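I have placed the structure first, in the form of structure tokens, so that the comments after it can refer back to it.
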Amino acid sequence: MGCKFRINHSGNIDNLYQLAMNEIKQYDAQFSGSKSGGSFTINTLGSRFEGNFQVTGNVVEWQIDKKPFFVPCSVIENFLKNHIK
């Protein structure tokens, strides 16, 4: 079961993109795209998260296609909201 949500970003999208690239280096993650959108795969918690995102203005739209069953969409959304300000 996937998740879909939108998060408003009040800062500079270039800074957000650089922060995301730095975070990706810390995990067994793959990213394809640019600051305006792309897809990702992150291996953590003994499982895999897969999805994509699209940036329109200051809104980041997320589509999580694969996640661990025990991780609710709300947890993922709140995690991202706390990191995207």
Side-chain angles (χ1 to χ4, degrees):
M1 177 182 207
C3 311
K4 189 170 186 173
F5 44 86
R6 298 168 54 130
I7 299 174
N8 291 324
H9 174 60
S10 60
N12 182 298
I13 198 67
D14 292 323
N15 292 342
L16 178 62
Y17 180 73
Q18 189 57 51
L19 176 66
M21 293 299 100
N22 292 339
E23 288 290 320
I24 282 174
K25 291 176 186 176
Q26 296 182 27
Y27 297 94
D28 182 15
Q30 298 171 347
F31 172 76
S32 174
S34 68
K35 66 182 180 183
S36 61
S39 60
F40 57 88
T41 301
I42 301 169
N43 295 310
T44 188
L45 301 172
S47 192
R48 178 177 289 208
F49 293 81
E50 294 179 5
N52 59 70
F53 72 97
Q54 180 71 40
V55 178
T56 305
N58 283 341
V59 176
V60 183
E61 296 183 38
W62 297 89
Q63 173 69 41
I64 309 299
D65 298 317
K66 183 175 182 180
K67 65 175 190 61
F69 176 76
F70 62 88
V71 178
C73 293
S74 61
V75 169
I76 299 169
E77 183 175 7
N78 286 332
F79 175 82
L80 290 170
K81 280 182 178 179
N82 287 329
H83 287 81
I84 299 174
K85 297 180 180 183

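In what follows, every heavy atom counts, from backbone to side chain, and hydrogens, waters and symmetry copies are set aside. Computed from a predicted model, the values in this text were never measured in an experiment. If you read the sequence from its start, that first residue is 1, and numbering goes on from there.
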Could you go through the side chain to side chain contact (heavy atoms under 4.5 Å, CB included) check for Ile42 and Ile24 one step at a time?
CA-CA 8 Å; Ile42 301 169; Ile24 282 174; 5.6 Å; no
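- No continuous path of hydrophobic side-chain contacts links Leu19 to Tyr17 [ILVMFWY only; heavy atoms under 4.5 Å].
- Between His9 and Leu16, the closest heavy-atom pair is NE2-CB, 3.7 Å.
- A distance of 12.5 Å separates CD1 of Ile13 from CD of Gln18, quoted to the nearest 0.5 Å.
- In this structure, Glu50 CD and Ile64 CD1 are separated by 10.0 Å, a value rounded to the nearest 0.5 Å.
- Distance check, rounded to the nearest 0.5 Å: CD of Glu61 to CZ of Arg6 gives 4.5 Å.
- Counting heavy atoms from C-beta outward, Ile76 and Phe49 have side chains that approach closer than 4.5 Å.
- Each of Phe53 and Val59 belongs to its own hydrophobic cluster when Ile, Leu, Val, Met, Phe, Trp and Tyr are linked at side-chain heavy-atom distances under 4.5 angstrom.
- Atom-to-atom distance recorded for Ser39:OG and Gln63:CD is 12.5 Å, nearest 0.5 angstrom.
- When the shell of 6.0 Å around CZ of Phe69 is examined, it contains 12 or fewer heavy atoms from other residues, nucleotides or ligands.
- Separating the NZ atom in Lys66 from the OG atom in Ser47 is a distance of 6.5 Å, to the nearest 0.5 Å.
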Could you go through Phe5 and Leu80, starting from their C-alpha distance and side-chain angles, then the distance that decides it, and tell me whether this counts as side chain to side chain contact (heavy atoms under 4.5 Å, CB included)?
CA-CA 10 Å; Phe5 44 86; Leu80 290 170; 3.7 Å; yes
Atom pairs and distances, donor-acceptor, side-chain atoms in residues 29-37, under 3.5 Å, two or more places apart:
unit_1, atom_1, unit_2, atom_2, d
Ser34, OG, Ser36, N, 3.3
Ser34, OG, Ser36, OG, 3.1
Lys35, NZ, Asp14, OD1, 2.5

Using the rule given for side chain to side chain contact (heavy atoms under 4.5 Å, CB included), can you reason through Asn58 versus Asn8, listing the C-alpha separation, both sets of side-chain angles and the distance that settles it, and then say yes or no?
CA-CA 6 Å; Asn58 283 341; Asn8 291 324; 5.9 Å; no
